[in-house]
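Below is one structure; the comments refer to it alone.
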Amino acid sequence: MNVHVTNIYGFSPTSVVLISQHEVRNIARNLGFNELAVYIYDSSNEPSNELSSRYDGIIARVSPGDVVFFQSPTWNGVDWDNGLVDKLKAYGCRVVMFIQDVQPLQFESNYYLMSKFISMYNKAEIVIVPSEKMYCRLVEEGLTVKKYIVQHMWDFTVEQTLYSPSFKRKLYFTGDISRFPFVENWHYNTELHVFGNKMENYDYSKVHFGGWLNKTELLLELSKGGFGLVWGNQEDPKDEPDYYKMNCSYKLASYLSAGIPVIVPDYLSNADFVKANNIGFVVSSLEEVDQVIQECSEEKYSEMVSSVKNVQYLINNGYFTKKLFVDSLMKLNRNEENILNIKVLSILDTLNYIMAHNSSVARFGDGEMDIITGHSIPYQDYDENLANELKYIISSESNESLVVCLSDVFERLDRYNQSAVDFWKQHLNNNYIYYKSLCKATWYGSTFISRPYMDLVDKSLSNMYFKNIKNLWDKRDILIVEGVNSRSGVGNDLFDNANFVERIICPSKNAYSKINEIESLIEKHAENKLVLLILGPTAKVLAKRLSIKKIQAIDMGHIDSEYEWFKMKATSKVKLDHKHTAEHNFDENITFIEDDAYNSQIVERIG
């Protein structure tokens with residue numbers, strides 16, 4: 001087997017699309033890949049026989065079973081690209097689609113071509129996408145390829161010796177400034193240095209143009225010190241087209257390859273990477289760009305430069321692209337027998353379905369699987385009857401009466417932080433046979449309707465998720481059924497939009513032993529109310545039983561802890577002092593706060 005990579009020719013030497021594809025080609029060559037050269041030309045009037053011969057010439061080196069990394073697009077048009085992919089497939093090649101730009105999303109006028117792009121992508125065995133958001137968007141558009149790799153970062157290989165950056169309150173920006181109006185309107189204290197085409201009628205007291213520089217000249221200039229700016233077409237990030245929020249920034253890699261800290265908008269797909277690695281500032285406006293530079297100390301700058309060096313080494317040596325190649329080849333040849341074909345709706349789709357049908361909800365996570373497989377968990381001892389009831393529910397089809405939910409971890413694990421990824425990989429490995437034998441329903445809702453914040457890499461949608469969750473009980477009377485230590489909503493505004501709140505307080509451990517009593521008391525108080533169940537594995541059984549009795553009961557699990565962490569913008573699972581906290585399962589060192597409102601809501605206590 002040989003491995004090949006396509007590469008375009010015919011653009012201007014300063015074109016980013018040409019530079020980036022050549023960068024990928026150069027890294028691929030170091031791994032022993034062959035180049036399939038593609039030239040840009042007008043093929044609109046080319047006879048089909050000549051086009052077929054051209055394709056044959058391009059792929060003359062390939063043999064059946066070879067792998068081809070197809071850098072998309074070639075910019076010869078989607079029909080041309082589709083034809084080349086078809087030719088590769090006809091020759092028996094295995095195609096990995098390296099998606100670098102999606103023209104129907106990049107240019108609104110090209111959206112009508114989306115179906116053709118999706119058709120082409122679906123011919124690949126693996127797709128490489130710029131970001132998790134891009135993959136999700138393409139899935140919405142019809143992408144069916146399950147194997148995918150997230151690019152995360154471009155490389156910008158460097159062999160020359162650069163300067164060691166010194167602290168300077170200056171800002172660099174590279175690109176064709178006619179596409180970036182904010183440059184013309186720059187009026188901040190920080191001087192902006194632009195490397196690109198010089199235009200007339202600009203205020204050169206604030207904006208300094210360095211012209212187009214080749215790679216060596218640019219890196220030498222940048223490495224003297226300052227900050228690199230990544231910004232879109234709009235001054236206000238809220239107005240930025242979604243495409244800039246899904247794509248992978250080549251500018252970012254160029255600045256980091258020079259060893260200087262960066263400033264990026266908070267919507268950028270790489271923003272979490274910048275923050276986590278302390279290699280720059282993540283901001284929400286150009287005013288904030290100016291502010292963080294003016295307030296940055298020399299000590300802070302030196303600290304960031306030191307952090308940048310670690311990433312700089314990886315980018316300068318092609319690490320991220322090499323990893324893409326290796327991961328793709330490993331995934332391409334991986335035995336897929338253990339892939340579980342379980343469909344789990346997204347958080348929003350699950351919430352929308354519940355809202356539309358006033359459905360009850362039973363959510364299954366790792367704790368319920370532990371019970372099913374014969375193990376106790378901290379707040380529920382193993383009980384054979386409970387295990388059997390859980391098995392029955394998890395095997396059931398969801399419907400308008402009851403939505404059965406699973407953790408959304410059977411694909412696209414890159415959405416979650418590394419700790420969560422490691423946990424769920426181990427969990428799926430340990431419980432594969434049980435999921436395979438039990439979870440045969442057509443579809444499941446998402447268990448993470450109650451966990452929409454902490455484990456997500458991209459937390460930008462969490463605010464929207466919580467708004468939709470709170471809509472479930474907006475202006476409704478609710479009956480909360482929870483353990484004595486839970487105190488859900490106490491100290492926050494989680495249920496403030498409910499019309500009226502009542503509570504049934506249950507044992508914090510082994511609630512299943514009291515399930516019949518709990519069920520009876522719920523029936524007593526549930527008339528015209530939405531029942532929220534916060535009671536571990538017992539909540540699943542109650543949701544099922546109550547749904548049969550036409551009582552809407554939603555198992556909301558650890559929604560309170562997630563909401564508390566969301567409100568405090570926590571980055572780890574902080575223990576709450578005054579009530580139960582998710583993943584702190586033994587309820588130690590809790591100091592209850594006297595709360596008259598909470599006490600007045602209690603209508604029943606069990607145990």
Side-chain angles (χ1 to χ4, degrees), residues 1-11 17-18 20-103 113-129 138 142-149 151 321-322 324-336 339:
M1 180 192 80
N2 291 312
V3 184
H4 313 267
V5 61
T6 65
N7 183 40
I8 58 174
Y9 290 87
F11 276 103
V17 295
L18 182 139
S20 59
Q21 287 208 13
H22 281 231
E23 192 80 71
V24 170
R25 184 274 319 272
N26 292 341
I27 295 167
R29 277 180 173 171
N30 291 333
L31 295 175
F33 294 10
N34 300 316
E35 178 188 40
L36 302 182
V38 175
Y39 290 83
I40 308 304
Y41 73 105
D42 181 3
S43 62
S44 57
N45 296 315
E46 188 172 26
S48 59
N49 62 322
E50 293 184 13
L51 177 59
S52 181
S53 296
R54 185 186 297 273
Y55 288 151
D56 288 337
I58 292 171
I59 67 173
R61 302 183 69 179
V62 306
S63 300
D66 284 1
V67 177
V68 176
F69 284 83
F70 191 103
Q71 296 198 76
S72 174
T74 70
W75 301 93
N76 276 325
V78 66
D79 290 333
W80 194 97
D81 286 5
N82 253 306
L84 180 55
V85 173
D86 287 340
K87 180 71 75 167
L88 289 166
K89 299 287 284 185
Y91 271 67
C93 294
R94 309 179 72 184
V95 176
V96 178
M97 189 66 60
F98 191 166
I99 301 171
Q100 298 165 3
D101 274 307
V102 182
Q103 290 164 291
L113 295 171
M114 178 58 81
S115 62
K116 292 185 175 182
F117 275 85
I118 294 297
S119 175
M120 179 176 67
Y121 299 156
N122 282 337
K123 295 169 184 174
E125 293 187 48
I126 294 178
V127 293
I128 299 172
V129 291
L138 294 177
L143 182 70
T144 58
V145 181
K146 297 299 183 185
K147 293 182 180 181
Y148 75 105
I149 304 288
Q151 181 183 6
T321 305
K322 290 175 184 175
L324 284 181
F325 287 142
V326 173
D327 287 350
S328 296
L329 292 172
M330 293 296 291
K331 188 179 284 282
L332 193 66
N333 295 304
R334 190 178 70 190
N335 186 339
E336 294 296 328
I339 295 300

Taking the side chain as every heavy atom from C-beta outward, state whether Met1 and Arg94 have any atom pair closer than 4.5 Å. no
Could you measure the distance from the SG atom of Cys93 to the CG atom of Asn2? Nearest 0.5 Å is fine. 10.0 Å
Can a donor-acceptor pair be found, under 3.5 Å and without considering hydrogens, that links the side chain of Lys331 to the backbone of Ile126? no
Inspect the surroundings of CE in Met330 and state if more than 12 heavy atoms from other residues, nucleotides or ligands are less than 6.0 Å away. no
N-O pairing of Glu35 and Arg29 below 4.0 Å: yes
Is there a side-chain contact between Pro73 and Asp101 (heavy atoms, below 4.5 Å)? yes
For Val17, does its backbone N or O pair with a side-chain atom of His22 as donor and acceptor, under 3.5 Å? no
Asp86 and Tyr55: CA distance, side-chain angles, deciding distance, side-chain contact (heavy atoms from CB on, under 4.5 Å) verdict: CA-CA 10 Å; Asp86 287 340; Tyr55 288 151; over 6 Å; no
Do the side chains of Asn76 and Ile40 get nearer than 4.5 Å, heavy atoms only? yes
Atom CG in Leu143, atom OH in Tyr148: separation rounded to 0.5 Å? 10.5 Å
Can you tell me how far the CZ atom of Phe69 sits from the CD1 atom of Ile128, to the nearest 0.5 Å? 5.5 Å
Considering only heavy atoms from C-beta outward, does the side chain of Leu84 approach that of Phe70 to under 4.5 Å? yes
Describe, in one word, how the ring planes of Tyr41 and Trp80 are oriented to each other, choosing from parallel (under 30°), tilted (30 to 60°) and perpendicular (over 60°). perpendicular
Atom CZ of Arg25 and atom NE2 of His4: how far apart are they, to the nearest 0.5 Å? 15.5 Å
Test side-chain contact (heavy atoms from CB on, under 4.5 Å) on Val24 and Phe325; report intermediate values, then the result. CA-CA 10 Å; Val24 170; Phe325 287 142; 3.7 Å; yes
Within the structure provided, determine whether Asp79 and Lys116 are in side-chain contact (heavy-atom separation under 4.5 Å). yes
Below 4.5 Å, heavy atoms only, C-beta onward: do Leu138 and Ile118 meet side chain to side chain? yes
Exercise: do Asn30 and Lys322 side chains pair donor with acceptor under 3.5 Å: no
Return the minimal non-hydrogen interatomic distance between Trp75 and Asp81, and the atom names on each side. N-OD2, 4.4 Å
Step by step, would you call Gln21 with Val5 a side-chain contact (heavy atoms from CB on, under 4.5 Å)? CA-CA 10 Å; Gln21 287 208 13; Val5 61; over 6 Å; no
Go through the steps for Gln71 and Val38 under the test side-chain contact (heavy atoms from CB on, under 4.5 Å), then give the verdict. CA-CA 10 Å; Gln71 296 198 76; Val38 175; over 6 Å; no
Can you find a pair of side-chain heavy atoms, one from Arg54 and one from Ser43, that are under 4.5 Å apart? no
Among residues two or more places apart or on two chains, list those pairs meeting salt bridge (charged side-chain N to carboxylate O under 4.0 Å, His left out) that have a residue in residues 55-67. Asp56-Lys87
Looking at side-chain heavy atoms only, is the closest gap between Val145 and Met97 below 4.5 Å? no
What distance separates Thr6 OG1 from Ile59 CD1, expressed to the nearest 0.5 Å? 12.0 Å
Sidechain-backbone polar pair: Ser53 side chain, Asn49 backbone, donor-acceptor under 3.5 Å: yes
Contacts of Lys89 meeting salt bridge (Lys or Arg N to Asp or Glu O under 4.0 Å) (sequence neighbours excluded), chain-then-number -> none
Distance from Leu329 atom CG to Leu324 atom CG, nearest 0.5 Å? 10.5 Å
